[in-house]
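Just follow the structure's listing: the first ligand is 1, and inside any ligand the first atom is 1.
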Amino acid sequence: MNNFEFYNPVRIIFGKNTILKLSKLISPDFKNILLVYGGGSIKSNGVYDQIMNALAQRNVIEFSGVEANPDFDTLMKAVSICREEKIDFILAAGGGSVIDGVKLIAAGAHFEGDPWDILAKRGKVKSALPFGTVLTLPATGSEMNSGSVVSRRALGAKLVFQSEHVFPVFSILDPETTRTLPVSQLANGIIDAFIHVCEQYITNDVSAVLQYHQSEAVLKTLIEIAETVMGGFDYDSRAAFMWAATNALNGTVGVGVPQDWATHVIGHELTALYGLDHAVTLAIVQPGVWQTCFEAKKAMLARYGRNVWNLSGDDTSVAHLAMEKTDEFYRSLGVLTTLSEHGVDTEKLPIVAEKFASYGYNPGENSDLTPEKITKLLNSRI
Ligand code: NZQ
Ligand code: ZN
């Protein structure tokens, strides 16, 4: 196992009727609260009313319209509101996009200079406004981590930043809020959480046995509950889904192990290029990364095949079969895993490799996915 440090200060409030705890969770010292949400799902599923009831005695200013794949230009409007209205606490209500957006708003409100530098130039975040979250879509783990992914459509960009200053103070996880999720978003959430674990588990084998078993527990949970989750509202399976998705990316399975993230960063470029949903890009790219890095990943792919899919045989055949099982799993959720099935213009694919050449780094746990390999990998996914 590799050396590591672990820090995660997020208070989780999990279960039914927990949104009403907001009045106690947000200290009365905070006078001006900015409620940030997306396109309106919280209004149709009662989450908005629950929040407003809980905060009836407080000064709440609203900012709505944060897009799926939150856009930098939209978020900057909220940064201006924070400054003008002397906002001292932000509440994010929604999925990963709203939460990630709030992370940039919180950091941007304190940032000296252009907040785009936080993303584009790795500008150091020295402090941020405190914020809490009400999660309505299990998927990203953003409710319990310090990462944020922000798009800037005007520049064709989708970039990541990370800072200890943007851990939420608290996150409310009420599985009841998922009642209104369409099946496409449920499938996205299952796949995103699944691939978060894969990015931290199917890498170089460093004998981190506990983390491997924890990873396998999350993957097996997602496989076990998927059909029930997709089939309608069942509280216990939604609860298991929500907690599994949080555990997939709250840092625990990733300590002391090499991490990959190639599928994610290449997937982000496909979202920037074609507007495909985050999880859809992952399901397309992952088989290409696994094939390209097969020798380096073979030991862990075989372990995954045996312990998650109950396969048997020699390492090479189990690893290949495990890849097939994974693709079948994503397809069983209704997600199409090749580019042509999404009808995108594949002539534009070389742009992805050009982006990585300009960033000046090669993704992957062994930093070996060169721009040439990325182009080849994507061509294999047409
Ligand atoms: O905008 P509203 O109206 O709320 O609708 C949303 C949105 O259209 C809807 N939705 C959310 N909760 C709902 C609901 N509809 C009905 N009922 C509910 N309870 O779902 C749509 C998608 O929401 P979004 O927040 O975009 O989805 P998700 O949670 O999958 O977030 C995706 C974003 O997170 C980033 C992705 O790149 C993408 O930008 N990621 C963030 C990570 C992190 N911070 O650690 C890691 C991930 O790998 C990922 O990259
Ligand atoms: Zn993801």
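- Polar contact check, T178 against ligand 1: no nitrogen or oxygen pair lies under 3.5 Å apart.
- At a 4.0 Å heavy-atom cut-off, ligand 1 touches H264 through the side chain alone.
- When non-hydrogen atoms are compared, ligand 1 lies under 4.0 Å from neither the backbone nor the side chain of T271.
- Nearest approach of L22 to A54, heavy atoms of both residues: CB-CB, 4.0 Å.
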### Task
Let me see the working for F329 and F194 under ring pair (Phe, Tyr, Trp, His ring centres under 6.0 Å), right down to the final yes or no.
CA-CA 10 Å; F329 178 52; F194 198 92; 5.3 Å; yes
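- For atom 25 (O) of ligand 1, a protein non-hydrogen atom is found at a distance below 4.0 Å.
- Using bins of under 30°, 30° to 60° and over 60° for the plane-to-plane angle, the ring pair Y304/W309 lands in the perpendicular bin.
- Around atom 29 (O) of ligand 1, the closest heavy atom drawn from S44, G96, S184 belongs to G96.
- Nearest protein heavy-atom neighbour of atom 45 (O) of ligand 1: N145 ND2, 3.0 Å.
- Within the listing of ligand 1, atoms 1 (O) sit less than 4.0 angstrom from a heavy atom of G38.
- Contact annotation for L181 and ligand 1: heavy atoms of both the backbone and the side chain come within less than 4.0 Å of the ligand.
- Relative ring orientation between Y361 and Y359 is described as parallel, the plane-to-plane angle staying below 30° on a 0-90° scale split at 30° and 60°.
- With ligand atoms numbered from 1 in the order given, ligand 1 contributes 46 (C), 47 (C), 48 (O) to contacts under 4.0 Å with heavy atoms of H196.
- Checking only distances, V149 never comes within under 3.5 Å of ligand 1, N or O to N or O.
- Each of the following atoms of ligand 1 lies closer than 4.0 Å to a heavy atom of D192: 47 (C), 48 (O).
- For L336 against H342, the heavy-atom pair with the smallest separation is O-NE2, 2.7 Å.
- Shortest contact from atom 17 (N) of ligand 1 to any protein heavy atom: T180 OG1, 2.7 Å.
- Note on D192: its N/O/S atom closest to the Zn ion (ligand 2) is OD1.
- Between L137 and ligand 1, no N or O atom pair is found at a separation short of 3.5 Å.
- Rounding to 10 degrees gives 90° for the angle at the Zn ion (ligand 2) between NE2 of H264 and NE2 of H196.
- Residue contacts with ligand 1 for N45 involve side-chain atoms from C-beta outward but no N, CA, C or O (heavy atoms, distance under 4.0 Å).
- The closest approach between a heavy atom of N188 and any atom of ligand 1 is not below 4.0 Å.
- Classified by interplanar angle (parallel below 30°, tilted 30° to 60°, perpendicular above 60°), the ring pair H268/H278 is tilted.
- Looking only at heavy atoms of the protein, atom 12 (N) of ligand 1 is closest to T136 OG1, 2.8 Å.
- Every atom of ligand 1 is numbered from 1 in the order shown, and the set under 4.0 Å from a heavy atom of G147 is 44 (N).
- Heavy atoms of H268 found under 4.0 angstrom from ligand 1 belong exclusively to the side chain.
- Heavy atoms only, all atoms of each residue included: E143 and L173 are closest at CG-CD1, 4.1 Å.
- Residue contacts with ligand 1 include G40, since one or more of its heavy atoms lies under 4.0 Å from the ligand.
- The distance from ligand 1 to the heavy atoms of K158 drops below 4.0 Å at these ligand atoms: 36 (C), 37 (O), 38 (C), 39 (O).
- Classification of the F72-W116 ring pair by plane angle, with boundaries at 30° and 60°, yields perpendicular.
- Of all the atoms in ligand 1, the ones that sit under 4.0 Å from a non-hydrogen atom of L249 are 45 (O), 46 (C).
- Residue-to-ligand polar distances keep A68 apart from ligand 1: every N/O pair is separated by 3.5 Å or more.
- Where the criterion is an N or O separation shorter than 3.5 Å, residue side chain and backbone included, T177 meets it with respect to ligand 1.
- Looking only at distances, no side-chain donor or acceptor of D234 sits under 3.5 Å from a matching main-chain atom of V229.
- Residues H264 and H196 place their aromatic rings such that the two centres sit under 6.0 Å apart.
- Between G39 and ligand 1, at least one pair of N/O atoms sits closer than 3.5 Å.
- Using a 3.5 Å distance cut-off with no hydrogens or angles, the side chains of T338 and R381 do not pair a donor with an acceptor.
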